[in-house]
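Since the structure comes first, as structure tokens, the remarks are kept for the end.
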Amino acid sequence: GFQICGGIGPDPLASDANAIKTDTLKLDKNVDCVISALDLHISYIKILKAATYLNRPNVLFLATNDDASLPQSDEIVMPGAGAVLASVAAASCRAPTILGKPHAPMFDAIRLAFPDVDPKRTVMIGDRVETDIAFGNRQGATTLLVFSGATSEKNLNNLKQSVEKKTAKQDNLPNFCVKDVGQFLQFLQSTEKK
């Protein structure tokens, strides 16, 4: 039932900033919500439109997640949805409700679908300490980090040192770690045989 305006893809703009004619900018009067997410075509004009919509006090501001970067090698940094969100939040001077991990709305959605879920009997498995592991820890679940994605063993060791120096959050540390989900499944199968 939602109508989406703006769409996905480029929002072309002349290379000269003076070419932005705010008096001729086409804005939708019916926008009720701005949702910030990963956009590979983020542009000045998209940030301008989002911030302008958010200048209306009745417009809801949501974000899918605030991951600063996408999983990649240690050398390359690919900006994530959090990088897009930071620009929209800064320009609009508004803070969004972030729906994704590690924030509470995600667990609220899980509880809505599965009212009997017991965090104490739940294992949160993930590859990113800032989202998956923090999410599990904040909800009281046991956390299992897999080294097959965003967080490497080197990253985790650096995090442990930062936690000891009190420059990083304790809730980003997992209870357990494995190489990948396959290794975890082997462990489960070996315990079932006993």
Side-chain angles (χ1 to χ4, degrees), residues 33-39 42 54 60-188 190-191:
C33 180
V34 170
I35 302 174
S36 181
L38 179 63
D39 183 350
I42 190 65
L54 290 169
L60 182 63
F61 188 13
L62 302 176
T64 57
N65 62 40
D66 58 355
D67 297 14
S69 61
L70 300 175
Q72 201 54 235
S73 69
D74 285 342
E75 183 181 343
I76 303 296
V77 176
M78 290 186 66
V84 173
L85 175 59
S87 62
V88 174
S92 67
C93 296
R94 290 202 36 200
T97 297
I98 302 171
L99 303 174
K101 300 172 293 187
H103 303 280
M106 178 59 75
F107 196 71
D108 295 342
I110 292 170
R111 278 252 162 99
L112 191 61
F114 304 98
D116 297 330
V117 70
D118 180 1
K120 292 180 178 123
R121 296 182 42 83
T122 303
V123 176
M124 176 64 194
I125 302 171
D127 70 342
R128 190 177 195 120
V129 292
E130 307 89 22
T131 54
D132 304 321
I133 302 306
F135 177 71
N137 286 335
R138 289 177 188 177
Q139 303 311 318
T142 298
T143 53
L144 175 70
L145 177 66
V146 292
F147 292 120
S148 54
T151 303
S152 67
E153 288 184 61
K154 178 183 172 187
N155 296 141
L156 182 61
N157 289 332
N158 290 341
L159 175 62
K160 286 178 181 177
Q161 291 174 4
S162 296
V163 168
E164 287 174 13
K165 295 176 186 173
K166 301 197 185 312
T167 58
K169 295 180 181 177
Q170 175 79 28
D171 68 355
N172 288 355
L173 291 177
N175 298 115
F176 302 99
C177 305
V178 292
K179 183 178 105 183
D180 54 31
V181 175
Q183 187 180 29
F184 180 62
L185 291 175
Q186 288 173 353
F187 169 75
L188 288 179
S190 70
T191 59

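Heavy-atom basis, side chains included; hydrogens, waters and symmetry copies ignored.
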Side chains of Thr143 and Asn137, donor plus acceptor under 3.5 Å: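 Yes, a side-chain donor-acceptor pair sits under 3.5 Å.
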
To the nearest 0.5 Å, what is the distance between [atom1] ([X]) and [atom2] ([Y])?
X      : Y      : atom1 : atom2 : value
Thr122 : Phe107 : OG1   : CZ    : 6.5 Å
Lys120 : Thr142 : NZ    : OG1   : 11.0 Å
Leu38  : Asp67  : CG    : CG    : 9.5 Å

Main-chain N/O of Ser162 paired with Thr167 side-chain donor or acceptor, under 3.5 Å: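 Yes; judged by distance alone, with no hydrogens or angles, the pair exists.
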
Asn158 (side chain) donor-acceptor with Asn155 (main chain) under 3.5 angstrom: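 Pair absent, no side-chain N/O of Asn158 close to backbone of Asn155.
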
Residue among Leu145, Ile125, Leu144 satisfying side-chain contact (heavy atoms from CB on, under 4.5 Å) with Pro174: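 For Pro174, the side-chain contact (heavy atoms from CB on, under 4.5 Å) test succeeds with only one of Leu145, Ile125, Leu144, which is Leu145.
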
Inter- and intrachain pairs under salt bridge (Lys or Arg N to Asp or Glu O under 4.0 Å), touching residues 133-151, at least two apart: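 The answer is Arg138-Asp171.
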
pair Leu99-Thr64: side-chain heavy atoms closer than 4.5 Å: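 Answer no - side chains too far apart.
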
Check: Leu159 and Thr151 side chains under 4.5 Å, non-hydrogen atoms: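 Not touching, per the 4.5 Å side-chain cut-off.
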
Criterion side-chain contact (heavy atoms from CB on, under 4.5 Å) on Phe61 and Leu85, from CA distance to verdict: CA-CA 10 Å; Phe61 188 13; Leu85 175 59; 3.7 Å; yes

Name every donor-acceptor pair, under 3.5 Å, that has one atom in a side chain of residues 127-135 and the other anywhere in the protein, sequence neighbours excluded.
residue : atom : partner : partner atom : Å
Asp127  : OD2  : Ala150  : N            : 3.1
Arg128  : NE   : Glu130  : OE1          : 3.0
Arg128  : NH1  : Ser69   : O            : 2.8
Arg128  : NH2  : Ser69   : O            : 2.8
Arg128  : NH2  : Ser69   : OG           : 3.4
Asp132  : OD1  : Lys101  : NZ           : 2.4
Asp132  : OD2  : Asp127  : N            : 3.0
Asp132  : OD2  : Arg128  : N            : 3.1

Smallest separation among heavy atoms of Cys177 and Leu156, with atom names: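 Closest heavy-atom pair between Cys177 and Leu156: SG-CD2, 3.5 Å.
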
Of all pairs that satisfy side-chain hydrogen bond (donor to acceptor under 3.5 Å, both in side chains), the ones with a partner from residues 103-119, not counting sequence neighbours: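 side-chain hydrogen bond (donor to acceptor under 3.5 Å, both in side chains) check on residues 103-119 returns Asp66-His103.
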
